[in-house]
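Indexing begins at 1, ligand by ligand and atom by atom, following the structure's order. This structure is a prediction, so every number in the text was calculated from the model and none was measured.
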Amino acid sequence: MLNRQGRPTQAGEAAAEVHETFTGNRALQQIEPLIFEIGHHETTGVDIDEPAPFKSRLGKHARKGEIGLPGLSEPETMRHYVRLSQKNYGIDTGLFPLGSCTMKHNARLNEKVARLPGFSDVHPLQPTSTVPGALDVMLELARYLMTLTGMPAVALSPKAGAHGEACGMMAIKAAIAAKGEGATRTVVLVPESAHGTNPATAALIGFSVKAVPARPDGTVAVEDVKALLGPDVAAIMLTNPNTCGIFEPQIVEIAAAMHEAGAYFYCDGANFNAIVGKARPGDLGVDAMHINLHKTFSTPHGGGGPGAGPVVLSERLAPYAPVPFIHVEGGKSRLVEHKADAPEGSDPFGRMTAFHGQMGMYVRALAYMLSHGADGMKQASEDAVLNANYIRAGLADLMSLPFPDHPSMHEALFDDEWLKGTGVTTLDFAKAMIDEGYHPMTVYFPLVVHGAMLIEPTESESKASLDLFIATLRDLAIAAKGNDKTRFTAAPHHAPMRRLDETRAARQPVLKWEKPAPVKEAAE
Ligand SMILES: Cc1ncc(COP(=O)(O)O)c(C=O)c1O
């Protein structure tokens, strides 16, 4: 059955179940076609004067006809984008429990500061003499990052966590090559519980990957690392707190074992939000660590462009930091843009980005740091851990914990043992959360836990918001163990789209809009 807009009615929904509306809309849930489907190239929201006659220099490259961009009036344009925005779940819509992603509130103060023209209008090709303030922001952010991590150097330019991993591993590769061991140290150790970007990064940089087994308690044992160490090992990539939400108890011993074997310790700092102000990675023996500013320092994920994933480096790796960087000498700072201009003792491995990194994110992160202060950032870490453990305690009698003996850090991890025999899977449970108005938690990650459900509330949530979330999950858990299977297996019932064929979407992605053939008169 097609609705008035010629679209199938809400997929798979029995007409008897929900009254189908004439428009296809359901009150505030408005169907919104693609702009190509509703726009017309002869329509425009603005009047533009015909250009004065001119002689085209494009020759045979000149456009032959209309390119058919869709046009809408201004009110139609506003409605289109506002409606689209309403289909999106964001941190401003509700609690966003995605574990490992740290979806914390993006403070409006940070947005306001980032929009100041002095920051938002600078151009990367401006002469540096015209942007001393921007350079000061970068220096100050670098100072905070080095202080919080206890590390002597930082490369600011990487644009995300995974990009930071690449930067850190390239610095390690350069350091190994400088010691003449480039041909022999070719192996990187990665725990089984690691985020997929870790082995992918190591492989991309040209290393081969050896997996470190996960202990039954979700942590990495120094004996297992030592058993894999040899003259062929370049580094370990270890996340701390790890992806099971546990602080690695043997991290100092693991770092020492790596150094003793002549190898390096790359720490995945995606979970730094749990320990800022409490522990400094530099004190734990870390050589390189990326920091996802969009997680720990509250910059928006995406953020209107690339994010920022600065990498802090130890004394041993600092000389290999990529250009560009700001060099301070005798109280004066200068931007080093090219390897040839690098100060003595510095041997940059190259560059990660065309320009200097994501200025908008630097400003937001620094605004977060300055507005919180040292005590505020420490409290944010404590509250993030408290909130995760509050959720864990609120659900532990109904849902099963794979690692009950370790306290959780900033995220609470459940497995699907408690769903055994119910006919409901982790995926069904996650989809039912959508009907309740929540974005699902991270599911099926980390891979070492069967049917994993990883919940990270962050420090931004109030007790009232956590209580409602816990009560909702308790209600769902009781229903899953009861008889109400359709609440799960057919969920989501109330989302604009029902359950998607994710395999088909991944294997046969439709990447280009094709003008559909005209719709025949509505079928019954
Ligand atoms: C543990 C871990 N490492 C690395 C990354 C990659 O970070 P990004 O998404 O910023 O590239 C993530 C992202 O969620 C992560 O959770």
Heavy-atom nearest pair, Val286 first then Ser314, reads O-CB, 3.8 Å
Atoms of ligand 1 under 4.0 Å from any heavy atom of Ala162, numbered from 1 in the order shown, are 6 (C), 7 (O), 8 (P), 11 (O)
Requested in this report: State if His163 counts as touching ligand 1 under the rule of any non-hydrogen atom under 4.0 Å.
Outcome: no
Atom 12 (C) of ligand 1: of Lys159, His301, Lys295, the nearest heavy atom sits on Lys295
Residue pairs passing the side-chain hydrogen bond (donor to acceptor under 3.5 Å, both in side chains) test with at least one member in residues 238-254, sequence neighbours excluded, are Asn242-Glu248
Quick look: Ala270 vs ligand 1, heavy-atom contacts under 4.0 Å, and the answer is side chain
Rounding to 0.5 Å, atoms CD1 (Ile205) and CD1 (Ile172) come to a distance of 10.0 Å
Near His294 (heavy-atom distance under 4.0 Å), the atoms of ligand 1 are 10 (O)
Heavy-atom proximity to atom 8 (P) of ligand 1 ranks first, among Ser100, Pro241, Gly161, Gly164, for Gly161
The protein heavy atom nearest to atom 3 (N) of ligand 1 is Asp268 OD2, 2.5 Å
Under 3.5 Å, N or O to N or O, is Asn198 touching ligand 1 that way? no
Here the atoms of ligand 1 under 4.0 Å from any heavy atom belonging to Glu165 are 3 (N), 4 (C)
_When you compare ligand 1 with Asn292, is there at least one nitrogen or oxygen pair between them that comes in under 3.5 angstrom?_
yes
Query - Thr197/Glu165 under side chain to side chain donor-acceptor pair (under 3.5 Å): CA gap, chis, key distance, verdict - result: CA-CA 8 Å; Thr197 49; Glu165 289 175 33; 2.8 Å; yes
Residues pairing under ring pair (Phe, Tyr, Trp, His ring centres under 6.0 Å) where one sits in residues 84-103, two or more places apart or in two chains, turn out to be Tyr89-Phe96, Tyr89-His439, Phe96-His439
(message) Could you check whether Asp287 and His259, counting side-chain N and O atoms only, form a donor-acceptor pair closer than 3.5 Å?
(response) yes
Side-chain donor-acceptor pair under 3.5 Å between Asn387 and Glu459, yes or no? no
